[in-house]
Amino acid sequence: MLERASDLREARVPQRLALIVREAGKTLPNAVGELREAVAFLRYHAAEPHGFGVATHRPPGVIARISASNLPLAIFTGRVAAALAAGNTVLAKPAEQAPLVVAAAAAILHEAGVPRGALQLLFGDGRVGARLVEDPRVRGVLWAVSSRQG
């Protein structure tokens, strides 16, 4: 599924670049770099589990993914792909500044075959992220801290 998602992402470069530029405020060269990094993460995590004892691995379960706005596509994709490849369910909360970039990334993963129950998006402000972190059913949290401090 992750390999198929990387193929789908590469096939839709113009639409993805436009969204990253428009919503995340990236320059076109930065958007190209972020898209390439996202594809590389998908391919890496698609191949990674082979030979690493996944048959005996027990995933923690529900993982929360709280995104930052500075690399909304690449870092989101990398962390989510790793969690999914390890067999976890992911509850992803996009940064408030770039929810459409993350929604488009999740849509490609769903189209590639990732079940909707395995990857779910939760939109909102920081209170949504705080609730995820506090929920005892969440077995792990993947953070991405923005370089833009305010």
Side-chain angles (χ1 to χ4, degrees), residues 1-49 59-135 137-150:
M1 289 180 271
L2 297 178
E3 189 69 38
R4 174 146 166 69
S6 66
D7 292 342
L8 289 170
R9 187 154 294 150
E10 285 183 320
R12 297 178 186 154
V13 168
Q15 300 94 328
R16 298 299 170 234
L17 290 177
L19 184 57
I20 295 167
V21 168
R22 186 176 58 246
E23 186 176 66
K26 301 276 186 176
T27 63
L28 189 55
N30 285 342
V32 168
E34 187 165 352
L35 185 64
R36 286 182 180 155
E37 188 175 357
V39 169
F41 277 133
L42 286 168
R43 294 199 190 286
Y44 174 80
H45 290 297
E48 180 184 302
V62 177
I63 301 294
R65 171 66 180 108
I66 301 174
S67 298
S69 61
N70 59 333
L71 293 168
L73 177 63
I75 300 303
F76 168 83
T77 300
R79 301 302 190 280
V80 167
L84 291 170
N88 297 290
T89 296
V90 179
L91 301 175
K93 191 251 176 242
E96 296 168 55
Q97 300 84 353
L100 298 178
V101 170
V102 171
I108 283 181
L109 287 163
H110 290 142
E111 183 180 343
V114 173
R116 293 194 184 276
L119 173 59
Q120 300 175 35
L121 297 182
L122 303 166
F123 297 99
D125 61 18
R127 293 174 291 193
V128 173
R131 295 283 306 266
L132 280 172
V133 172
E134 295 166 358
D135 193 309
R137 296 169 293 181
V138 172
R139 306 298 298 162
V141 178
L142 302 171
W143 292 96
V145 179
S146 175
S147 63
R148 298 180 200 162
Q149 301 297 318

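What you see is a predicted model; the values in this text were computed from it and never measured. Just so it is clear, the values below take in all heavy atoms, side chains as well, and ignore hydrogens, waters and symmetry mates.
- Without hydrogens or angle criteria, Glu134 side chain to Arg131 main chain gives no donor-acceptor distance under 3.5 Å.
- You'll find the side chain of Met1 reaches within 4.5 Å of the side chain of Pro115, heavy atoms only.
- Nearest heavy-atom pair, Leu73 versus Glu34, reported as atom, atom and distance to 0.1 Å: N-OE2, 2.6 Å.
- Of all non-hydrogen atoms in Pro72 and Val102, the two that sit nearest each other are O-CG2, 3.7 Å.
- A heavy-atom distance below 4.5 Å is not found between the side chains of Arg137 and Val62.
- Taking the side chain as every heavy atom from C-beta outward, Leu109 and Leu2 approach each other to under 4.5 Å.
- For Arg43 and Asp7, the salt-bridge test passes: some basic side-chain N is under 4.0 Å from an acidic carboxylate O.
- Two residues are said to be in side-chain contact when any heavy atoms from C-beta on lie closer than 4.5 Å; Thr89 and Arg139 fail this criterion.
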| After noting the C-alpha distance and the side-chain angles of Asn70 and Ile75, does the key distance pass the side-chain contact (heavy atoms from CB on, under 4.5 Å) rule? | CA-CA 9 Å; Asn70 59 333; Ile75 300 303; 5.8 Å; no
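- Minimum heavy-atom separation, Val133 to Ile66: CG2-CD1, 3.7 Å.
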| query | Given Arg16 and Ile108, is the side-chain contact (heavy atoms from CB on, under 4.5 Å) satisfied, shown in steps? | reply | CA-CA 11 Å; Arg16 298 299 170 234; Ile108 283 181; 3.3 Å; yes
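- A donor-acceptor contact shorter than 3.5 Å links the side chain of Glu23 to the backbone of Val101.
- Residue Lys93 comes nearest to Gly124 through the heavy atom pair NZ-O, 2.9 Å, listed as atom of the first residue, atom of the second, then distance.
- With values rounded to the nearest 0.5 angstrom, Ile20 atom CD1 is found 11.0 Å from Thr27 atom OG1.
- Across Ala5 and Leu42, no two heavy atoms sit closer than the pair C-CD1, 3.9 Å.
- The shortest side-chain heavy-atom distance between Leu35 and Arg9 falls under the 4.5 Å cut-off.
- A side-chain donor-acceptor contact under 3.5 Å links His110 to the backbone of Leu119.
- Nearest heavy-atom pair, Ala31 versus Val21, reported as atom, atom and distance to 0.1 Å: CB-CG2, 3.9 Å.
- Annotation: the span from Leu8 atom CG to Glu3 atom CD amounts to 10.5 Å, rounded to 0.5 Å.
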